[in-house]
Novice: 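Have a look at this one.
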Amino acid sequence: MDLTFLQTLERERVLEVLRRDKQLRTIEEDRIRRMKHDLQELRRRGAKSFSRQYGERTCARCQRPLGKLWNSGAVCHGCSHRICSKCRVGVGTADWKCTVCHAYRDVKFRSGEWFLEERAKKFPCTTDKYEVVGDKLLKTYNVLSHISVVPPTPPPYLLSDYAFLSRPGDLKNSKPFTKSMEDLMVSFTSHIKKISTSQNDVRGDLLSVDNRKGSCSTYSTQKSLSDTDINKSSRLFKGPSLPNLFKKSKDSDQEGSSTGAEEETSCGSEYSGGKRGSTCSSISTDCGLFEGVGVAGELELALSYNSDFSCLEITVGSCRNLSHGDSKKKCHPYIKLCMLPGKSSKMKTTVKKNMTNPVYNEVFKFPIERHLLRGKRLQASVWHSGTLRRKVFLGEALFPLDGWRFEDKNSQSFNWYPLCPKAQSSDGGAVEQDGGEAMLRVKFTSAEQGDLMQLSSFKSRQEKDTRRQII
Amino acid sequence: MASATATYGQKESSDQNFDYMFKILIIGNSSVGKTSFLFRYADDSFTPAFVSTVGIDFKVKTIYRNDKRIKLQIWDTAGQERYRTITTAYYRGAMGFILMYDITNEESFNAVQDWSTQIKTYSWDNAQVLLVGNKCDMEDERVVAGERGRQLSEHLGFEFFEASAKDNINVKQTFERLVDIICEKMSESLDAGDPAVTGAKQGPQLTEQPAPPHQDCAC
């Protein structure tokens, strides 16, 4: 398809629609990514590991032991695992599913994958023709928007389903990490590889990374390293324990080595735009520093574009009905504004003490050319600023700036926007938090590394499981 | 008013708080009222002036149906032949179609068969189609009897509505019915291909509780 037969004005109209559609798809992909992550999380929790041989009489989901006669469990028709009566969803004696099979089905509905599967019966090619065509057209005709604002710490580029969305620039941007950083990552990765287990749910692409490095044999022989072994070794290159590694990187943080801003240690991982792989997205929810609180409330905000000064003006009005940030019913909310993709420009409001209905009325100006707003989204996230720099996510709202009608008087004035959750998983258990620290550190030390980072963070999550299961 | 709905639309498209997202395509000859139909549904507005759609356009609307929040991305296509290359590219992404003709325009009715062929060619096998005879408020100028529409729809295996974007007749019902049918197809798609469920069905069926009947719309 090409648009050459259209007149210039017509073409602009069509491109405008394509842009709006792309915006919608980006947001939708965000949502799907979160959903799939949650599912993965659920699966991982119940995954069998080497310490529990298959066939052992435990529930495959909650790992509770099953009795021989009483509460002996039953085999799920979906996954053929033996499931206790508590981990079943659905009615009737025969028509139930285990929690994971149920969630899997639900995700298929919610993500629209059922449709893609049905359609694949007729059109084996998996991507939407129009989506590809739309992206191509946008690229062809959007020469102007070939962006000059390069974020200093661009999101890691991951080879994922969403890769086709990324601009080619992202790849180049992800290169400049230092050599030492690379060494650290390699050693860490290989170490983690040794102690990680063979999980049922290890993703295919991760395995292929292992194969490529030709370390499969050591990987399998050394996997029986016990928990104590891990803790004994303290040298980084001989195999550090996770807490030590964490400390180390924290030290380097204080020296201000890599990213400089402390902010990055806690929040950096989250602001990554909608272009990440599913595993990586998990980082945000599992970090120990974030507690899972329910997202509630609304945000009042006005957006306008000042063409005299070429800047986007964001007026943060107020919030209402926010959730409490911690168990003591405290809430010190502030709002962070971020331009996605990339996190080049980040601004924060003041922190309001003890309010769930804070009023800010602060104006922020993002200097940006009008045409550069294409493909950008404004992320407004609400955070509770707790003690000891602990931050709790209270909700966010995304504003597609593409096609935003700035001239429209109504969008210039205040509007209330509902806050959305970032992800719904994370049951906030203590076990989960242990592993979270490791991931947090990984993210921090090499914020710009793509594949390797993904691998290591995933592995560290596995390790957490291993440890739990060994114990 | 129009601007108020515009901002509302923006809010809707960035909203992530929903369960399903369905894509629906409206097709039919030029000037049968596809755009008006969509505007009536999404914005509850109507303009008698005829503005030809350039290529494609869409609107987003979130509805609450069967205890689920469903976000609809409704594509409005240009009826004119010259945009055909653009519009057909969008058939493949659509889960359901609204095929529209104008009851005061014989030609648009005669073209229904062709449009239906287009759907068969470019869309998935289970594409859900609703045939809609628009402008049913203009009874004086009617040239296509309601019965003919019904017969054709039965012949093609579609469901049928006569509607009016101008007087807001059957507009909401049309979309809601289509959403219901897509929901049904959705459940079927997984239940049919899912060994879990088919396996369960082989078990003792007599003791099984019948599944709660799918909630149908009132029409």
Side-chain angles (χ1 to χ4, degrees), chain A residues 1-3 5-6 9-10 13-14 17-18 20-21 23-24 27-28 30-31 34 76-79 91-97 101 105 108-112 114-115 117-119 121-123 128-131 133-134 377 397-400 403-405 408-411 415-418 420-421, chain B residues 3-8 10-11 13-23 53-58 60 68 71 73 75 82-83 85-86 88-93 95 122-126 182-183 185-187 189-190 193-201 203-205 207-209 211-212:
Chain A
M1 176 165 85
D2 75 306
L3 302 180
F5 70 94
L6 295 177
L9 268 178
E10 290 179 326
R13 284 278 284 278
V14 172
V17 173
L18 291 181
R20 272 199 297 137
D21 176 45
Q23 202 79 55
L24 197 70
I27 292 173
E28 175 66 359
D30 239 25
R31 189 181 77 103
R34 285 180 206 179
C76 169
H77 292 294
C79 57
V91 285
T93 42
D95 215 5
W96 59 271
K97 282 190 164 85
C101 288
R105 180 186 157 90
K108 274 200 172 176
F109 283 154
R110 293 160 62 94
S111 65
W114 66 275
F115 173 65
E117 281 177 9
E118 282 291 303
R119 196 180 55 185
K121 291 176 187 166
K122 185 168 175 183
F123 307 101
D128 257 321
K129 191 177 159 202
Y130 88 83
E131 283 173 6
V133 169
R377 284 179 302 160
L398 289 173
F399 304 87
W404 190 274
R405 297 180 195 91
D408 187 345
K409 283 277 172 292
N410 251 293
S411 47
N415 277 305
W416 285 100
Y417 300 93
C420 300
Chain B
S3 50
T5 50
T7 34
Y8 184 63
Q10 286 182 356
K11 210 164 140 183
S13 60
S14 60
D15 182 17
Q16 288 199 13
N17 186 19
F18 56 88
D19 296 297
Y20 309 141
M21 179 156 163
F22 290 167
K23 299 188 180 189
T53 305
V54 176
I56 34 160
D57 194 4
F58 72 85
V60 174
K68 300 282 183 212
K71 185 164 167 177
Q73 186 186 18
W75 288 92
R82 64 188 288 253
Y83 297 115
T85 46
I86 301 177
T88 50
Y90 284 76
Y91 281 52
R92 198 183 278 194
M95 297 167 185
Y122 295 107
S123 176
W124 64 311
D125 289 333
N126 250 332
I182 295 175
C183 277
K185 281 295 150 203
M186 181 168 82
S187 313
S189 75
L190 282 200
D194 192 351
V197 175
T198 41
K201 293 251 165 76
Q205 296 243 329
T207 55
E208 259 176 56
Q209 295 280 331

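Chain letters run A, B, ... following the sequence lines, proteins first and then strands; every chain starts at 1.
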Novice: Measuring heavy-atom distances to chain B, does A:R13 have an atom under 4.5 Å in its side chain, in its backbone, in both, or in neither?
Specialist: side chain
Novice: Which answer fits B:N126, side chain, backbone, both or neither, if we ask what part of it has an atom under 4.5 Å from a heavy atom of chain A?
Specialist: side chain
Novice: How would you list, by chain and number, every residue that makes a salt bridge (Lys or Arg N to Asp or Glu O under 4.0 Å) with B:K68, sequence neighbours excluded?
Specialist: none
Novice: Examine whether an atom of B:F22 lies under 4.5 Å from a heavy atom of chain A, and if so say whether it belongs to the side chain, the backbone or both; otherwise answer neither.
Specialist: side chain
Novice: Is the closest side-chain heavy-atom distance between A:R110 and B:Y20 below 4.5 Å?
Specialist: yes
Novice: Considering non-hydrogen atoms only, spot the tightest contact between A:K108 and A:E117 and give its length.
Specialist: NZ-OE2, 2.8 Å
Novice: Quick check: B:Y90 with B:F58 (ring centres under 6.0 Å apart)?
Specialist: no
Novice: Among B:M186, B:K185, B:R82, B:M95, single out the residue with the greatest number of heavy-atom pairs under 4.5 Å to chain A.
Specialist: B:M186
